[in-house]
Amino acid sequence: MAFKDPLLNAVSNLARRRGFIFPTSHHYGGVEGRYEYGPLGTLLKQNIAKEWWRATVTDKENGFAIDSSVVQHPQVWETSGHSKVFGDRWTRDLLTGEQFKLTKGEKVKHLQSDLVIKAPSKKEAQKWRNIIKQELAPNARTFTQGTDITMRVESVTDSHIILAGNDGPVHVVHHGYLAPGSRSPFLHEPRMQGGLSYCGDTSPEEMAEDFVKIVEDNSGASRATLKQLFTDKYKERNRPLRPELAQAAFQQLNFVCNSIDKRFPFSLAQIGKAFRNELSCGPFIYRLKEFEQMECYHFLETENSERHALDLSIDRLSWWRSLARKRSNFKSVELDKDDLAHYATNAVDIEYEFPWGSEEVESIANRTDYDIRAHGEAYDNTFHHHDGTRSFVPHCVESSAGLDRAVMAYLCDAYDQRNAASDTTRTVRPVLSLHKRIAPVKVAVFPIVHNKPELVQIARVLAKEFRAAGLYTMYSEVNSIGKRYVDHDEMGTPYCITIDSDTIEKGTVTVRSRNTMVQEPMLVTDVVGALVTFYSRDDLSAS
Ligand code: ATP
């Protein structure tokens, strides 16, 4: 795992070294778009999920939990529209050759009077200018200065950028976006790529048998007919894996309403795996083919779901920020109408400033009554609900956050380096300043040396007491005490407790803080209570 960006490289190296994240099946070269969590990563992920669960279910009067299947009936995805329109439009920059998801580029409609294309070097700028003059926009006036190629924009229509030319305006077809990085408008016709992932319990041999039989039974059939027959057979044998969790909530809604006797508004929340056939994965665990989502569906009787989505996005942003060190790195962005998913009428994305740019970690979408109505119409028309006086079709505002993206964002947020004056081998060393609520290990307990049985005994008993008090505790007696502190700084452990001769003589332990590196004595009889109080305090401080 090597990335161009130094911070991303450092975070991914630390994640592997300290047992947070590993590539799946790494003995065999990994599996594209799949990663696994080690001992610390699993706890970090669970702690984030716990915080989310608290904010959406257990702390809410009207928040309820559900848990649904990865495989839904295939008709669910037909009715929801995912079978037809799910996937992303991908394109290729004709100057750089780079492929990208169309919507990741800058919007053409925001173009001002000049279009400035950015080349990586002067030599490349000259080369690109020649390609533009000879092939892509002959006659357009171009100026090269350093690594910039500038063209004058006269106007922009829905389909064309009109550039100033030597013999009059030059019309260049656009697809709504400029390439990220180069800002080139010269893009290949976008194609729908990716979409649903499938799973089946048919062996490859059985599938091959099916296909051979289709060919034998349909000799002389056209290519298109065979393709359709193969597709139908494939779909009969394989089920789509859910690309989002939400559809189960729309299926369950009537059952839930009957079982909990709740009036609208209320919300249903769930955490689970989702699968997408992503064309290009990464960096690291940012875009995966198999990932976890934390989704909450707010069912409203009001049609004012647009306002609700905006209000919810404020709550969600403050949740992300509440667990962060550099809070301003999280922001919310209201989506343009042309960037909305097929089911949404307005949406807000929460973005995090990753090392390579600001990217989505959660989306809050106003799905209106789109899904409930669609499933109701497809099933038995029982999609109206009643509150005694009126009948209505509930609206749904959904928040959908990526749990793996949360792990990645908080690892980047927490990663820091500090000078290690007493460390002769390295001048700087990493520290993970994770928020106390999500730090995997809450406390580490060490005897100062491993060969003093009385110190070892006290340390083990104290570690047991911390565990009994509900704090995840690690016990360690290997390496020097300084090395053990350094190790736990990298693991993000807020406090280390050392048992030494003072424990026997004065009844005190040394409490060492990850954030300040200060070591302070505390009575051994007080230390469990002090840390339990620290972790139960609902303040925002990480230490
Ligand atoms: P993107 O624009 O990054 O492709 P999206 O708009 O397709 O994301 P949504 O359909 O809104 O994403 O999904 C909700 C959340 O699920 C996202 O905000 C993200 O955190 C997470 N998510 C979506 N796709 C992936 C993926 N391939 N890998 C990891 N997390 C994902």
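Whatever order the structure lists ligands and atoms in, that order sets their numbers, starting from 1. Heavy atoms only: backbone and side chains are in, while hydrogens, waters and symmetry mates are out.
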Identified side chain to side chain contact (heavy atoms under 4.5 Å, CB included) partner of Asn47 from the options Lys442, Arg437, His435: Lys442

Close approach, Glu359 and ligand 1, non-hydrogen under 4.0 angstrom: no

Residues Glu278, Lys289: salt bridge by 4.0 Å N-O rule: no

Nearest option to atom 3 (O) of ligand 1, as decided by whichever heavy atom of Arg405, Met294, Lys101 sits closest: Arg405

Side chain proximity check, Leu136 to Leu94, heavy atoms < 4.5 angstrom: yes

Within-shell test, Glu295 vs ligand 1, heavy atom, strictly < 4.0 Å: no

Atom indices of ligand 1, in the order listed, that fall short of 4.0 Å to a heavy atom of Glu362: 18 (O)

Minimum non-hydrogen distance to atom 27 (N) of ligand 1, winning option of Leu335, Leu340, Leu288, Asp404: Leu288

Check: Asp93 side chain, Leu95 main-chain N or O, donor-acceptor pair, under 3.5 Å: yes

Geometric N/O contact Phe291 with ligand 1, under 3.5 angstrom: no

Ligand 1 atoms in contact with Arg287 (distance to a heavy atom under 4.0 Å): 1 (P), 3 (O), 4 (O), 27 (N), 28 (N)

Contact (N/O only, under 3.5 Å) between Gly402 and ligand 1: yes

Arg405 charged N/C atom sitting above Tyr286 aromatic ring, 6.0 Å / 45°: yes

Val361 heavy atom under 4.0 Å from ligand 1: yes

Contact list for residues 243-259, test salt bridge (Lys or Arg N to Asp or Glu O under 4.0 Å), sequence neighbours left out: Glu244-Arg367

Contact with ligand 1 for Glu244, non-hydrogen, under 4.0 angstrom: no

Residues Asp201, Arg237: salt bridge by 4.0 Å N-O rule: no

Under 3.5 Å: N/O of Asp88 near N/O of ligand 1: no

